[in-house]
Chemist: 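The structure is given below, and queries will be raised subsequently.
Positions are given from 1 along the sequence. Hydrogens, waters and symmetry mates play no part in the numbers below; they use all other heavy atoms, side chains included.
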Amino acid sequence: MILTLKTDNPTAVVALMHDGKEITTHSWTAHRQLAETLHQKIDEVLSMAGVELSSLDAIVVYAGPGSFTGLRIGVSVANALGYALNIPVVGGTGDAWHNLDQVPNRLTQTVPMYGAPAAVTVPKK
């Protein structure tokens with residue numbers, strides 16, 4: 001079982017894959033509530049499929065480019081779950097971001113690929 005996360009824009013997607021086929025998926029307009037709703041949506045997808053978190057073999061996360069905060073949240077959640085479950089986390093980009101051929105059989109982590117430096121403003125005070 002492989003959990004996939006895509007959090008690069010206001011509509012987030014969580015899916016569960018098995019043997020290269022999508023078992024279940026859930027998309028929602030997360031926008032500014034992504035950090036508050038992502039864990040709940042992961043639980044819902046797993047519950048819909050009757051799968052325990054401990055049954056996951058890997059996590060594939062969309063790594064960018066996209067929203068700075070959305071990518072940061074998605075990749076952080078994926079890496080934390082991967083570390084806690086001792087499973088690999090793979091970051092993908094482009095249309096084939098969830099290519100399951102990339103999944104190693106060892107513990108790995110990924111980093112977001114923002115596509116450009118973050119737009120940080122100068123403090124006014």
Side-chain angles (χ1 to χ4, degrees):
M1 291 288 181
I2 297 176
L3 180 69
T4 65
L5 307 173
K6 192 166 190 297
T7 59
D8 63 314
N9 61 52
T11 300
V13 181
V14 176
L16 191 61
M17 311 278 288
H18 183 63
D19 291 334
K21 296 180 182 177
E22 191 174 283
I23 302 297
T24 186
T25 187
H26 185 65
S27 63
W28 75 103
T29 304
H31 198 49
R32 295 187 182 267
Q33 286 76 39
L34 180 63
E36 298 169 33
T37 59
L38 184 56
H39 289 86
Q40 175 188 1
K41 300 303 180 181
I42 291 170
D43 284 343
E44 287 176 13
V45 164
L46 292 171
S47 191
M48 287 190 308
V51 173
E52 295 291 324
L53 195 60
S54 60
S55 299
L56 294 178
D57 299 311
I59 300 171
V60 177
V61 61
Y62 182 77
S67 160
F68 176 83
T69 301
L71 292 172
R72 184 179 53 156
I73 292 168
V75 169
S76 295
V77 167
N79 283 333
L81 282 174
Y83 181 78
L85 298 169
N86 198 32
I87 59 175
V89 176
V90 177
T93 61
D95 292 338
W97 67 273
H98 49 53
N99 182 352
L100 305 179
D101 296 332
Q102 312 173 53
V103 178
N105 59 0
R106 60 182 166 62
L107 181 63
T108 57
Q109 295 180 338
T110 194
V111 295
M113 296 173 245
Y114 300 115
V120 178
T121 59
V122 177
K124 294 182 181 184
K125 291 185 180 184

Chemist: Checking T37 side chain against Q33 main chain: does a donor-acceptor pair fall under 3.5 Å?
Modeler: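 Looks like yes, one N/O pair under 3.5 Å.
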Chemist: Measure the spacing between CD1 of I73 and CD of E36 and express it to the nearest 0.5 Å.
Modeler: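 With rounding to 0.5 Å, CD1 (I73) is 9.5 Å from CD (E36).
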Chemist: Looking at H39 and V77, what are the two nearest heavy atoms and their distance?
Modeler: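 Smallest heavy-atom distance, with atoms named: CE1-CG2, 3.6 Å.
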Chemist: Are the side chain of S67 and the backbone of N9 linked by a donor-acceptor contact shorter than 3.5 Å?
Modeler: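 Not confirmed, S67 side chain does not pair with N9 backbone.
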Chemist: Same cluster for L46 and V14 if Ile/Leu/Val/Met/Phe/Trp/Tyr side chains link at under 4.5 Å?
Modeler: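 Both belong to a single hydrophobic cluster.
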Chemist: Measure the spacing between CG of D19 and CE of M17 and express it to the nearest 0.5 Å.
Modeler: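 If I round to the nearest 0.5 Å, the distance is 10.0 Å.
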Chemist: Is any side-chain heavy atom of V75 closer than 4.5 Å to one of V111?
Modeler: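 Side-chain contact under 4.5 Å: no.
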Chemist: List the atom of L85, the atom of S54, and the distance in Å for their closest heavy-atom pair.
Modeler: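 Reported closest heavy-atom pair: CD2-CA, 4.3 Å.
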Chemist: List the steps and the verdict of side chain to side chain contact (heavy atoms under 4.5 Å, CB included) for T110 and N79.
Modeler: CA-CA 7 Å; T110 194; N79 283 333; 4.0 Å; yes
Chemist: Check whether any side-chain heavy atom of L81 sits under 4.5 Å from a side-chain heavy atom of L56, and report yes or no.
Modeler: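 No, side chains not in contact.
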Chemist: Where is the tightest heavy-atom contact between A49 and L16, given as atom of each residue plus distance?
Modeler: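 It is CB-CD2, 3.5 Å.
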Chemist: Taking C-beta and beyond as the side chain, do V60 and W97 meet within less than 4.5 Å on heavy atoms?
Modeler: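 V60 vs W97: side chains touch.
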Chemist: When rounded to the nearest 0.5 angstrom, what is the spacing between CE in M1 and CD in E52?
Modeler: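 The CD atom of E52 is 11.5 Å from CE of M1, to the nearest 0.5 Å.
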Chemist: Which is it for W28 and L34 under the side chain to side chain contact (heavy atoms under 4.5 Å, CB included) test, yes or no, and what are the steps along the way?
Modeler: CA-CA 10 Å; W28 75 103; L34 180 63; 4.1 Å; yes
Chemist: Rounded to the nearest 0.5 Å, how far apart are CD1 of I59 and CD1 of I87?
Modeler: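 Answer rounded to 0.5 Å: 4.0 Å.
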Chemist: Hey, what do you get for CE (M113) to CG (D8), rounding to the nearest 0.5 Å?
Modeler: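 With rounding to 0.5 Å, CE (M113) is 12.0 Å from CG (D8).
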Chemist: To the closest 0.5 Å, what do you measure between CG (L71) and CG (L5)?
Modeler: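 If we round to the nearest 0.5 Å, L71:CG and L5:CG are 11.5 Å apart.
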